[in-house]
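First comes the structure, then the notes that go with it.
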Amino acid sequence: MQSLQTQTSIPVQLSSGDGTKSVKYYEKENFNVNYRMLFSKNEADELFHQLESNVDYYSGDLARIKMFGKWVNIPRQHVAYGSNGLHYKFSGNTIPAKPWSSVPCLQQIKDRVESVLGVTFNFLLINRYANGMQYMGEHRDDEKELESDAPIASVSFGQERDFTFRHKDCRGKQKKRSDVPKITHSLQHGSLLVMNAPTNKFWYHALPKRSHTKNPRINLTFRVMKE
Ligand SMILES: O=C(O)CCC(=O)C(=O)O
Ligand SMILES: [Fe+2]
């Protein structure tokens, strides 16, 4: 797997393979993220088609989050799958996991991720972005229900979109520092991005709007939840 981390503490440019953009980062800032292609173009096309045909996204109360005390609809679609009884709590809401078997291709994708990483995942959050106006704001995947030492494995299908990382001390008007660069990395159709511990303690990530982009993207994040 292509590592985005090196032994140096100065910012470097690294090619992440397969013609993707290079990234900049500081190794000493606890950034530990890997990126690689996981599926061939044909496999990814087929899986994207199956996900589009079979995934049933949550609606109503299960598709809302609390922002600054107000309930708002999420600017995308989402749904969760996982072991019996698991729930995901975030932004004021709690969403239950549907059984893995509800969508046949999920097991195939899970098996591929697990065989590459040697980690068994018990929870999956799927997000669907209908076009570039749909997005996910800056956040950390640091919910207390997650095993904090386990990686989070993010598989992307469909429209290629930028993904950004920003160090926690370099955000907002009152930011403590401005010496750690923001990282932007493009997530390709059929790719796997792995956020290893302790990245999510130190870095926020986001999928920003790209208004010129018209096509849908589906993202699957496999996680390890405490049972
Ligand atoms: O769609 C993406 O790539 C980001 C998903 C994400 O950050 C999340 O599900 O927590
Ligand atoms: Fe996230």
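Just so you know, ligand 1 is whichever comes first in the structure, and atom 1 is the first atom listed for that ligand.
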Shortest protein heavy-atom distance from [atom], along with the residue and atom involved:
atom                   : value
atom 6 (C) of ligand 1 : M136 SD, 3.4 Å
atom 5 (C) of ligand 1 : N219 OD1, 3.5 Å
atom 8 (C) of ligand 1 : R223 NH2, 3.3 Å
atom 1 (O) of ligand 1 : Y129 OH, 2.6 Å

For ligand 1, is [X] a contact, meaning one of its heavy atoms is under 4.0 Å away?
X    : value
Q134 : no
R217 : yes
H139 : yes

Donor-acceptor pair between E114 and T120 side chains, under 3.5 angstrom: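 Absent: no donor and acceptor within the cut-off.
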
Looking just at side-chain N and O atoms, do T164 and R166 make a donor-acceptor pair shorter than 3.5 Å?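 Distance-only check fails for T164 and R166.
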
With atoms numbered from 1 as shown, which atoms in ligand 1 lie under 4.0 angstrom from a non-hydrogen atom of L125? 9 (O)

One finds that the ligand 1 atoms under 4.0 Å from a non-hydrogen atom of N127 are 9 (O)

Same cluster or not: are L193 and Y135 linked, directly or through other Ile, Leu, Val, Met, Phe, Trp or Tyr residues, by side-chain heavy atoms under 4.5 angstrom apart? no

Is there any N or O on S156 that sits under 3.5 Å from an N or O of ligand 1?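 No - when backbone and side-chain N and O of S156 are compared with those of ligand 1, no distance drops under 3.5 Å.
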
Check each heavy atom of H205 against ligand 1 and say whether those closer than 4.0 Å belong to the side chain, the backbone, both or neither. side chain

Mode of D141 contact toward ligand 1 - side chain, backbone, both, neither (heavy atoms, under 4.0 Å):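 Side chain only.
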
Is the F165 to F163 ring centre distance short of 6.0 Å? yes

Axial cation check for [Y] ring with [X], 6.0 Å and 45° limits:
X    : Y    : value
K110 : W100 : yes
R217 : F157 : no
R161 : Y129 : yes

Could you walk me through whether R223 and D141 pass the salt bridge (Lys or Arg N to Asp or Glu O under 4.0 Å) test, one step at a time? CA-CA 10 Å; R223 299 152 191 259; D141 293 339; 3.7 Å; yes

Where the Fe ion (ligand 2) is the vertex, angle from H205 NE2 to D141 OD1 to 10°: 100°

Over 60° means perpendicular and under 30° means parallel, so tell me whether F90 and H78 are parallel, tilted or perpendicular. perpendicular

